[in-house]
2 protein chains.
Amino acid sequence: MDLKLVTEISKCLANQTRIEILEWLKNPAENFPPHTSIDHYDDGVCATYIYEKSGLSQSTISNYLTNMEKCGLLVLTRHGKWSYFKRNQEVINEYTEFLK
Amino acid sequence: MDLKLVTEISKCLANQTRIEILEWLKNPAENFPPHTSIDHYDDGVCATYIYEKSGLSQSTISNYLTNMEKCGLLVLTRHGKWSYFKRNQEVINEYTEFLK
DNA sequence: TTGACATATCGGTAATTGTAGATACGTTTG
DNA sequence: CAAACGTATCTACAATTACCGATATGTCAA
């Protein structure tokens, strides 16, 4: 992981809501309702649930999630019309290792 | 460490120069000249050296260092007219633990 | 194939951050 | 005490980010 990417990731983390999203995604079952079309959280949580929990607008949260995915913090998996986001633990680990 | 502090620290990290400062301070002997008045880096590196290495203005670097100290990333020790800054490894560890 | 729904993107304004120069403050030294 | 030096603070403007509403896109279901 290089300096540029570390800086990009840090910028994504420089916002309370985005940190909270990462925290919520540590334990989806505890923080979100069950999905209607699947009975697991293997691909994370759908964007709507994150948006509803956040209190911010749909467009804002969509932007957050897209950026977090672009810098590698989240993994996106699409199932039909739904977008599921989960933590990218590998990237998070590399990031924290860099700072250490 | 709570959400607010994690967010503050992330904001400090959301800048390439500030990340670099933290990296430089991992190994002062390698990255800075020796100090003139003391022969060790036990309290870190004086602000002037960091400023000179950064390429940014003195006021900007002074601001950076002050903010990084306020949110706990750095420890400040004054010796006469010099301000020495070193990494606050405990806080950095708590921060990375929080994200994990 | 048309509506409904989930998400993404666009365009705009408010708020925050980046950064510098000028200046003030505190310490040392002549 | 005065000059020199290291650092901090103030002021201002540029650049970036935050965030929303409106709208577009893509998918499913009747």
Side-chain angles (χ1 to χ4, degrees), chain A residues 3-4 7-22 25 32-38 41 43-71 73-86, chain B residues 3-4 7-22 25 32-38 41 43-71 73-86:
Chain A
L3 195 60
K4 275 242 160 64
T7 307
E8 282 315 299
I9 291 176
S10 295
K11 284 182 184 178
C12 264
L13 296 174
N15 173 288
Q16 186 159 329
T17 302
R18 291 193 294 261
I19 298 257
E20 284 179 304
I21 290 171
L22 277 178
L25 290 177
F32 299 97
H35 289 119
T36 53
S37 60
I38 50 175
Y41 296 102
D43 293 322
V45 176
C46 77
T48 297
Y49 285 174
I50 297 172
Y51 148 56
E52 285 170 350
K53 192 175 175 83
S54 74
L56 297 179
S57 75
Q58 186 269 325
S59 66
T60 297
I61 293 301
S62 177
N63 250 315
Y64 283 7
L65 296 174
T66 299
N67 287 333
M68 292 168 84
E69 192 264 336
K70 273 181 186 150
C71 79
L73 278 172
L74 298 180
V75 175
L76 162 63
T77 309
R78 271 186 241 274
H79 290 292
K81 62 182 171 182
W82 288 281
S83 295
Y84 292 79
F85 291 92
K86 68 178 171 191
Chain B
L3 194 60
K4 274 243 162 65
T7 307
E8 282 315 299
I9 290 176
S10 295
K11 285 181 183 177
C12 265
L13 296 174
N15 176 287
Q16 187 160 326
T17 302
R18 291 192 296 260
I19 299 256
E20 285 179 304
I21 291 172
L22 277 177
L25 290 177
F32 299 97
H35 288 120
T36 52
S37 61
I38 50 176
Y41 296 103
D43 293 322
V45 176
C46 77
T48 297
Y49 285 175
I50 298 172
Y51 147 58
E52 285 171 349
K53 192 176 175 83
S54 73
L56 297 178
S57 73
Q58 185 269 325
S59 66
T60 296
I61 293 301
S62 177
N63 251 316
Y64 284 7
L65 295 174
T66 300
N67 287 333
M68 291 168 84
E69 192 264 336
K70 274 183 185 149
C71 78
L73 278 171
L74 298 180
V75 175
L76 162 63
T77 309
R78 270 186 242 272
H79 289 292
K81 60 182 171 184
W82 289 281
S83 296
Y84 292 80
F85 292 92
K86 67 178 170 189

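Protein chains get the first letters and strands the later ones, always in sequence-line order, with residue 1 at the start of each.
Taking only side-chain nitrogens and oxygens, B/N15 never comes nearer than 4.0 Å to OP1 or OP2 of D/dT16. Residue B/N63 places no side-chain N or O under 4.0 Å from the OP1 or OP2 atom of D/dC10. In this structure, A/R78 does not reach the D/dT27 phosphate: none of its side-chain N or O atoms is under 4.0 Å from OP1 or OP2. Here A/T60 does not reach the OP1 or OP2 of D/dC19: none of its side-chain N or O atoms lies under 4.0 Å away.
Whole-Å rounding puts the A/E20 CD to D/dA18 P distance at 14 Å. The distance between atom CD1 of B/I61 and atom P of C/dG21, rounded to the nearest whole Å, is 13 Å. The nearest whole Å value for the distance from the CD1 atom in B/I50 to the P atom in D/dG6 is 14 Å. Taking atom NZ of B/K81 as the reference point, atom P of C/dC25 lies 19 Å away to the nearest angstrom. In this structure, A/H79 places its NE2 atom 20 Å from P of D/dG26, rounding to the nearest Å. Here the C1' atom of nucleotide C/dG21 and the OH atom of B/Y51 are 12 Å apart, to the nearest Å. In this structure, B/L76 places its CG atom 11 Å from P of D/dT9, rounding to the nearest Å. Taking atom CD1 of A/I38 as the reference point, atom P of C/dA6 lies 14 Å away to the nearest angstrom.
If you check C/dG18, C/dG21, C/dT9 against the side chain of B/S59, the one that comes closest is C/dG21. With distances taken from any side-chain atom of B/K11 to the nucleotides C/dA20, C/dT17, C/dT9, the minimum falls on C/dT17.
Note: B/Y49 and B/H35 have parallel aromatic rings, judged against thresholds of 30 and 60 degrees for the angle between ring planes.
Along DNA chain D, the nucleotide nearest to A/A14 and the one nearest to A/G80 differ in position, and the one closer to the 5' end is contacted by A/A14.
Looking at heavy-atom distances under 4.0 Å, A/S83 makes contact with sugar-phosphate atoms alone, never a base. Among the atoms of the strands shown, none is found under 4.0 Å from any heavy atom of A/L65.
Side-chain to base pairing of A/Q58 with C/dA6: no donor and acceptor N or O lie closer than 3.5 Å to each other.
Annotation: A/F32, atom CZ; neighbour count of heavy atoms from other residues, nucleotides and ligands within 6.0 Å is above 12.
Shown here for B/F85 and B/A47, the closest heavy-atom pair between the two residues is CE1-CB, 4.1 Å.
Between A/T60 and A/Y51, every side-chain heavy-atom pair lies at or beyond the 4.5 Å cut-off.
Using a distance-only test at 3.5 Å, with no hydrogens or angles considered, a donor-acceptor pair links the side chain of B/R18 to the main chain of B/C12.
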